[in-house]
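These notes are about the structure you will find just below.
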Amino acid sequence: QVQLVESGGGLVQAGDSLSLSCAASARALKNYSTGWFRQAPGKERLFVAAISRTGGISYADSVKGRFTISRDNAKNTVYLQMNSLKPEDTAFYYCAASVNAFRTTAQAMGLIYSYWGQGTQVTVSS
C-alpha cells in the first residue's frame, strides 16, 4: 500500500503559477512511476503529466511548455509546477503511482496506476 497526499491547490488568476505537491508514504518513491491527472465535475479524468521510475517524463499536449513535473527522492514527493495557468486548467488534480515504467506518452497514459491520492482543487479564474 502506498498513500499519496496532494497539496498546493487553490484559487488563482489566469496567467498565475501554482505548485502542487504529492507526498508519498513509500520510502522509495523513485521505484514508482508517478502521474498527475485532473478531472472537472461531470467530465472524465484526463492525463496531465507523469515521471517514470526509469526517469522518463511525459506531458499532455495541453500542458506541455507550461507545466513541469519533478520528483524529490529525499522528500518522497513529486511536484507539478504549473505556470501560465488558464481557466481550462480548472479541475480537481490527483496524483497516482504505478509500479510499472513507461517510455512514451501513450504508455504513461495507459499505465495501471494502483495508488491514488484524494486530490486537490485548482481553480483558475479569468
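Only heavy atoms go into these numbers, but all of them, side chains included; no hydrogens, no water, no symmetry mates.
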Q) Ser52 side chain to Phe102 main-chain N or O, any donor-acceptor pair under 3.5 Å? A) yes
Q. Hey, is the main chain of Gln118 close enough, under 3.5 Å, to the side chain of Glu6 for a donor-acceptor pair?
A. yes
So which atom in [X] and which in [Y] form the shortest heavy-atom distance, rounded to 0.1 Å?
| X | Y | value |
| --- | --- | --- |
| Ile69 | Tyr59 | N-OH, 2.9 Å |
| Leu111 | Ser33 | CD1-CB, 3.9 Å |
| Thr77 | Ser21 | CG2-CB, 4.1 Å |
| Leu4 | Ala24 | CD2-CB, 3.6 Å |

Q. If you look only at pairs with a residue in residues 19-56, which of them pass as a ring pair (Phe, Tyr, Trp, His ring centres under 6.0 Å), with sequence neighbours excluded?
A. Phe37-Phe47, Phe37-Tyr113, Phe37-Trp116
**Q.** All side chain to side chain contact (heavy atoms under 4.5 Å, CB included) counterparts of Ser84, not counting sequence neighbours
**A.** Arg66
Q | With sequence neighbours excluded, residues passing side chain to side chain contact (heavy atoms under 4.5 Å, CB included) with Asn31 | A | Ala28
**Q.** Pairs flagged by disulfide (SG to SG under 2.5 Å) wherever residues 13-114 is involved - sequence neighbours left out
**A.** Cys22-Cys95
Q. Tell me the disulfide (SG to SG under 2.5 Å) pairs involving residues 96-126, sequence neighbours left out?
A. none
Q: Could you note down all residue pairs passing salt bridge (charged side-chain N to carboxylate O under 4.0 Å, His left out) where residues 71-85 supplies at least one of them, sequence neighbours left out?
A: none
Q) How would you list all residue pairs meeting salt bridge (charged side-chain N to carboxylate O under 4.0 Å, His left out) that involve residues 105-126, not counting sequence neighbours? A) none
Scan the side chains in residues 10-19 for donor-acceptor partners under 3.5 Å anywhere in the protein, sequence neighbours excluded, and list what turns up.
residue, atom, partner, partner atom, Å
Gln13, OE1, Ser125, OG, 3.1
Gln13, NE2, Ser125, OG, 3.0
Asp16, OD2, Gln13, N, 3.1
Ser17, OG, Asn83, OD1, 2.8

Q | Heavy-atom neighbours of Gln3 CD exceed 12 at 6.0 Å | A | no
Q.
With a 4.5 Å cut-off on side-chain heavy-atom distances among I, L, V, M, F, W and Y, is there a chain of contacts connecting Val124 to Met82?
A. yes
(Q) Going by side chain to side chain donor-acceptor pair (under 3.5 Å), name the pairs with one or both residues in residues 90-104, residues two or more places apart or in two chains. (A) Arg38-Tyr93
Q | side-chain hydrogen bond (donor to acceptor under 3.5 Å, both in side chains) against Ser70, all qualifying residues, sequence neighbours excluded | A | none
Q: Would you please name every residue forming a side-chain hydrogen bond (donor to acceptor under 3.5 Å, both in side chains) with Ser25, sequence neighbours left out?
A: none
Q) Out of curiosity, Ile57 CD1 to Thr34 OG1, how far, rounded to the nearest 0.5 Å? A) 11.0 Å
Q: First locate atom CD1 of Ile51, then atom CG of Leu80, and finally report the distance between them rounded to the nearest 0.5 Å.
A: 11.5 Å
Q | Any Leu20 side-chain heavy atom under 4.5 Å of Val122 side chain | A | yes
(Q) If you define the side chain from C-beta out and look only at heavy atoms, does anything of Thr68 sit under 4.5 Å from Tyr79? (A) no
**Q.** ILVMFWY cluster membership beyond Leu46 - transitive side-chain contacts under 4.5 angstrom
**A.** none
